[in-house]
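Working notes for the structure below.
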Amino acid sequence: MNKQKPQQSHIQITVHFVEKQNGKKAVFDARKILRSLNHLTHDDRLIRRINALVLAQIAGYSQIDTATIRQLVISTLNLLDHPELAKRYDEYHPSATKQDQFKQLSFFNF
């Protein structure tokens, strides 16, 4: 009898709320991290790796603030030797202006 092993990429997230910069709480949506990474680069493998590492770091929290999430993404990008992407992510403020504020890095396009 064959049993499929659970994939390692599935992480049990216990974060229920995110505290925004204005102090309001919102329901945590992990897809927002993924969307911001998708605006940053077209490298799917890198996006999945960063997303998994960040989610693994916040998996045990029940509440987290957006500044902590932002710092975790920036730190992870730097640890993976992508300082140019970390700088772009640090400068990105989705609520400030239009949706496509990132300038895509074309060397990841295939």
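Throughout, residue positions are numbered sequentially from 1 according to the sequence presented.
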- Could you walk me through whether Q63 and V18 pass side-chain contact (heavy atoms from CB on, under 4.5 Å), step by step? CA-CA 6 Å; Q63 180 176 322; V18 174; over 6 Å; no
- Under a 4.5 Å side-chain heavy-atom rule over Ile, Leu, Val, Met, Phe, Trp and Tyr, are L80 and L77 clustered together? yes
- Task: Kindly compute the distance separating NE2 (H82) from CZ (R49), expressed to the nearest 0.5 Å.
- Result: 7.5 Å
- Message: To the closest 0.5 Å, what do you measure between CG (N38) and CZ (R35)?
- Response: 9.5 Å
- Does the side chain of R48 reach to within under 4.5 Å of the side chain of L53, using non-hydrogen atoms? no
- Query: How about F17 and I64: do any of their side-chain heavy atoms sit closer than 4.5 Å?
  - Reply: no
- Item | Atom pair CG (L37) and NE2 (H42), whose distance is rounded to the nearest 0.5 Å | 13.0 Å
- Item | Note, T66 side chain near Q21 side chain (heavy atom, < 4.5 Å) | yes
- With a 4.0 Å cut-off, would you call D43 and R45 a salt bridge? no
- Note on the structure: Here the gap from I69 atom CD1 to L55 atom CG, rounded to the nearest 0.5 Å, amounts to 9.0 Å
- Query: Any side-chain heavy atom of I50 sitting closer than 4.5 Å to one from Y89?
  - Reply: no
- Query: Taking side chain as C-beta onward, heavy atoms only, is D65 less than 4.5 Å from K20?
  - Reply: no
- Message: Distance check, rounded to the nearest 0.5 Å: K87 atom NZ versus N78 atom CG?
- Response: 12.0 Å
- Message: For a 4.5 angstrom cut-off between non-hydrogen side-chain atoms, does K24 reach E19?
- Response: no
- Message: Please check: side-chain N/O of D90 versus main-chain N/O of A86, any donor-acceptor pairing under 3.5 Å?
- Response: no
- Message: I'd like to know if the side chain of N51 reaches the main chain of I47, judged simply by a donor and an acceptor atom lying under 3.5 Å from each other, with no hydrogens or angles considered.
- Response: no
- Task: With the side chain counted from C-beta on, respond yes when V73 and R70 share a heavy-atom pair under 4.5 Å apart, and no when they do not.
- Result: no
